[in-house]
Amino acid sequence: MLRFIFLRLLQAIPVILVVITVTFFLVRAAPGGPFDSDKAVMPEVKAALEAQYRLDLPISQQYFAYLGDLAKGDLGPSFKYPGRDVNELISAGLPVTAELGAYALLVALILGGLAGIMAALKPNTAQDYIPMSFAMIGICMPTFLLGPLLVLVFGIYLEWLPVAGWGDIPGDKILPSLTLGAAYAAYIARLGRAGMLEVMSQDYIRTARAKGLPEWRIVVKHALRGGMIPVVAFLGPAFAGLLAGSFVVETIFQIPGLGRFYVQAAFNRDYTMILGTTVFLSTLIILFNLLADILAAWMNPRLRAQLGESK
Amino acid sequence: MSLLNVQNLKVSFHTRNGEVKAVDDISFTVETGKITAIIGESGSGKSVACYSLLGLIPTPPGKIEGGSAVFEGNDLLQLSEAELRHIRGRDIAMIFQDPMTCLNPYMTVGHQLMEPIIYHKGVAKKEARQHAIELMEEVGIRDPDSTIDSYPHEFSGGMRQRVMIAMALINEPKLLIADEPTTALDVTIQAQILKLMADLQKKHSIGIIFISHDLAVVADIADQIIVMKKGKIVEHGDRQKIFKNAQHPYTRSLLAAIPAGTKVVSGSQSEALISIRNLNTWFGQGKHKEPVKAIKDVTLDIRRGEILGLVGESGSGKSTLGRSILRLVPITSGSISFDGVDLTELQGKDLKKMRRRMQMIFQDPYASLNPRMSVYDTLAEPLLLHKIETKKTVEQGVLKLMDDVGLARAFVRKYPHEFSGGQRQRIAIGRALATRPEFIVADEPVSALDVTIQAQILDLMLDLGKEYGLTMLFVSHDLAVVKHIADRIVVLYKGEIVEQGSGRDLFENPQQEYTRQLLQSIPGRALLG
Amino acid sequence: MTSVENTSAENNVPKNKISDIAMAEQGTSLWKDAWTRLKKNRMALFGLAVLMLFSIIALLTPWIAPYGYEQQNLDLGASPPSAQHWLGTDIFGRDLLTLIMYGGRISLAVGFVATAVALIIGVSYGAIAGYVGGRTDAFMMRMVDILYALPFMIFIILLMVVFGRNLLLLFLAIGMVEWLTMARIMRSQVQALRQQEFVEAAVSLGLGPVAIIRKHLVPNALGPIIVYTTLTIPGVMLLEAFLSFLGLGIQPPQTSWGLLISYGAETMEEFPWLLIFPGLALALTLFSLNFLGDGLRDALDVRSSKD
């Protein structure tokens, strides 16, 4: 198993390198230099700026210098806001986004997981149809539509909950977490239902029944593990999705998180900022994917054994 | 008093196509210390009857319509689910058909073994573990101290079935229901498991219900035999009565369907149609990987016009040998000549020409027909491909083939899913015959079929073999079937030929230890002769 | 279980009868069977009907839209639904129904075109990998695995930022992401089918690879592909709407449902209809596609797991 984890980590490194390289050259290939758009800048000022951002060097040297910085943990400066750098922004935004993401994931896992299991235990009854209808709504109701609607209903008409901010007024974390988690709760509910249904029809569940075990014990001890493997495998993609969703949610609720900074940077064409954040977020996603993969493999003893012995 | 007394049990299933009476008013008793066998073909209701006693059929669509089943003074059918649960796994235990899927792959074997005793008797974990280890030893699992912490996938099929048996016995039940417990196993393993069950039954003096589709399997062990057909009991009685003096025509047809007798071989020997020399077929060769040697240095002649039986257990390479001859798997070395033509070198058009002359019939008639092609499309494809018929005459050709294999012409536009297993196998045989081949590889063609259907298909194959003048390689795990149909028999073990000879020679005077072991494993030898 | 082995009855059929195949009992192909099942699923039929309606409207928009696309009425400003403007107007006094119709053209087009791109690339890639097998297959699928690990959402945003918001680029970018899953599904289908005995039977009959793919593999792999295609379209539409909402997708003067929702969200306190109606249009379309996809999955009996 350790070997498997190590090998997967080794495989992740070239992927991360590809991401860094592609992003770097994509950004450099962008039409127009970063200082072209500004009003007439005096040539010597421009040269000084370019020297500061190493734009005067040949591109290959820029690339390796950038890699060197990355290795030291320096994600680069901002073009637009001299004096600020990507590391600073990340350390400001990441805790907020991480908290938001964690709440949303919790919402998704608890709501979605419970709904999926409930539905699978009594298929084709009200206990199945009702949560699954909500799941369908959750899937068809994109974050950027659900967010404003929730704000409209609970914030503006009912005035129950604050409509913006993060950690300023009590209760202002509820709507963003719900908005972000809803779609994934829906996916998890559907995946969980399918997984549990599949497992509950297996022969070994019949064996467990023949042993005289009560139904709850069969579900918890015999079915849950197999039934939840698809959900666990989905956590990797879900994480990437949550991150993208946080762009929207942080914009709607004006939350000072990474996502909002990223979208702003994209608007401002703050190239080094985008470059730095992209590299950071990509690495995060790749690592989280890895984690989900390892977890899913670890949950299946057969796979675990295969991974243990094969190269 | 009987251990279990079932009276007038009725179970029905309410499906989209209306109500199906799966079990229609049956009564039987099971005695302590006796084995009661329930025999029937698929759909006879034999499993439903037993499952419904323990509340293990899904309701809906299933429904117990009436009857009683008295076990130790309680009517099982009247008990609540909670009361029934206390009996399941404690007083009445079960073993199922497929040990590969019946154990939870996510839990260690020991955990699953200990579960019933911990749950029902509140035994401490440590004690339960000790008990489990002892029981594993008793059912013949080696090194139970260490294997108890293994997962099911680390066990072979036979060993898993031993685990299932141990799990069923751990609470010392009074009644054991075994649903086709040996059907998924190799014949030598089957013999071991049957012996184990008979031994344990005597030692612990429990009552057993043994459900099977195969009369031969229960011939050695059953005390009582119940024969079911379409939800009804058609006959029941003690073993001697059923085997020696069956009254009901259905029971007789079941007995007749057990392949018996040795094919009488005409003395004349023709020349070899197929000569295999030093054939090797290996799989999965890589730089660092040891290849799986499915076929090891096999040399064999198949004579023109003969039916050569190829016998072996799973993993013996018997299917691979057939497929190697037909060039369906790449061979590693050696030569195969067909009527003087070296098959191993053929490519493109020449290969296609040879393919016309040799065909294959597969084991699983559900997988061997393209589900999206009608009978007409399936049979017309080879006729047109090899220009045996033209577009104008192909219809006649298809209908002729359907006549030959005994399928009604009216079915020509139907699709495979609309046929039964036996009918599908007839279509598959028709497709193989379409190219007018000289040689056919039949890979377990009847092992997926019910016994009575099995006999019909075997007869059909014998008839068509004569009519078309076929040479046949008949691959099977079932010695009785092979003995019945083959002129000569080859025994394959781990990719090598162990022994070959005529059926009579092989059965009366086996030369090799493995052959002897195989012969001794054939169920029901004593009663069936 | 249901059909009975009836050799005796079969043999009663006169053998010399004129062989008029048209007289034979009609069989039910699996496609026909699936269609019968789909017809019983009301939600799926509803989805199909809505989709067809929306597609027709989208095709005919330039001729049937109540107002011109660029027709403004600044004096009117944002007005709630009325007899003249069924769904109201936006802050420039443009008719919202007209905007939604034009936006739908773009949204649906992105959904269908990008899915088509994914379908073509994914199916051929997966079919080749699955059919050729061996090292080629291992290499091809390794590539897919690596691409899978890339954070595409962020890449697409990056592309939009760097190269400007370009519809064609959007099609390509989304199509490039979605083909991966399609390739995996097709490959696992082809691989599973190749091991089926009926394909072996076709080989032993002497059929060539092209005929085997065309007659035996493709018709059997089609079910899961159809289902997945139906479920990919809503995913793609969602992606476009997401990008447009962030201001990184469709660019004015063009519009799409995502963009309309984005504008609507900004002014929802005063003019909620500007959020609700485009939102409704998008949600209804997504519902229809998902219901249709689920219905097809049940009807074609495709297993629910993705690989």
Side-chain angles (χ1 to χ4, degrees), chain A residues 1 3 7 117 120-128 192 195-233 295-311, chain B residues 47 50-51 54-58 60 81-109 111-120 149-154 160 163-164 167-168 170-171 173 176-177 179 184 286-289:
Chain A
M1 196 68 201
R3 207 186 158 80
L7 275 164
I117 293 168
L121 292 185
K122 292 241 170 82
N124 303 320
T125 61
Q127 193 178 323
D128 178 17
M196 287 299 282
L197 272 182
E198 167 98 32
V199 169
M200 290 301 281
S201 68
Q202 295 289 316
D203 285 348
Y204 63 81
I205 296 297
R206 189 183 57 190
T207 308
R209 291 216 171 97
K211 282 181 187 174
L213 303 180
E215 198 66 20
W216 66 266
R217 204 185 155 97
I218 293 173
V219 171
V220 173
K221 289 218 111 176
H222 287 265
L224 208 55
R225 192 150 171 188
M228 286 298 119
I229 285 182
V231 173
V232 173
L295 200 61
W298 177 78
M299 279 173 71
N300 189 341
R302 183 167 209 153
L303 215 56
R304 210 186 317 164
Q306 278 172 7
L307 296 169
E309 64 205 30
S310 69
K311 33 166 194 153
Chain B
S47 296
C50 295
Y51 286 24
L54 291 178
L56 286 177
I57 54 167
E81 168 62 22
E83 289 167 319
L84 209 50
R85 221 159 43 212
H86 280 289
I87 291 178
R88 280 206 301 260
R90 198 179 70 171
D91 301 318
I92 305 179
M94 288 194 75
I95 308 172
F96 301 98
Q97 172 172 355
D98 190 353
M100 293 296 172
T101 58
C102 283
L103 288 170
N104 189 336
Y106 303 109
M107 277 167 99
T108 62
V109 162
H111 220 93
Q112 298 185 57
L113 263 172
M114 282 142 60
E115 212 176 9
I117 193 167
I118 291 176
Y119 177 71
H120 283 292
D149 293 318
S150 309
Y151 285 94
H153 65 84
E154 297 167 66
R160 287 189 211 194
V163 171
M164 284 295 291
M167 197 156 83
I170 196 155
N171 274 332
L176 179 67
I177 299 176
D179 186 6
K287 269 184 207 155
H288 309 290
K289 262 194 296 180

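Keep in mind the model is a prediction, meaning the values are calculated, not measured. Just so it is clear, the values below take in all heavy atoms, side chains as well, and ignore hydrogens, waters and symmetry mates.
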Parallel, tilted or perpendicular: which fits the ring planes of B:Tyr119 and B:His86, with parallel below 30° and perpendicular above 60°? parallel
Relative to chain B, which segment of A:Ile229 carries a heavy atom at a distance below 4.5 Å: side chain, backbone, both, or neither? side chain
Turns out that what part of B:Met164 lies under 4.5 Å from chain A's heavy atoms comes down to side chain
So which residue, B:Gly89, B:Cys102, B:Gly55, ends up with the most heavy-atom pairs under 4.5 Å with chain A? B:Cys102
Apply side chain to side chain donor-acceptor pair (under 3.5 Å) to residues B:His120 and B:Asn171 and explain how you reach the verdict. CA-CA 8 Å; B:His120 283 292; B:Asn171 274 332; 4.7 Å; no
Are B:Ser47 and B:Asp179 side-chain neighbours, meaning at least one heavy-atom pair lies under 4.5 Å? yes
So which part of B:Gln112 gets closer than 4.5 Å to some heavy atom of chain A, the side chain, the backbone, both or neither? both
Can we say B:Glu81 and A:Arg209 salt-bridge, meaning some charged N sits less than 4.0 Å from an Asp/Glu carboxylate O? no
Please determine, among B:Thr108, B:Thr101, B:Leu103, the option with the most heavy-atom pairs under 4.5 Å with chain A. B:Thr101
Considering only NZ, NE, NH1 and NH2 on the basic side and carboxylate oxygens on the acidic side, decide whether A:Lys221 and B:Glu115 come within less than 4.0 Å. no
Go through the atoms of B:Leu54 and report whether side chain, backbone, both or neither lie under 4.5 Å from a heavy atom of chain A. neither
Pair B:Arg85 + A:Glu215, salt bridge at N-O below 4.0 Å: no
Can you tell me which of B:Met167, B:Met100, B:Arg90 forms the most heavy-atom pairs within a distance under 4.5 Å of chain A? B:Met167
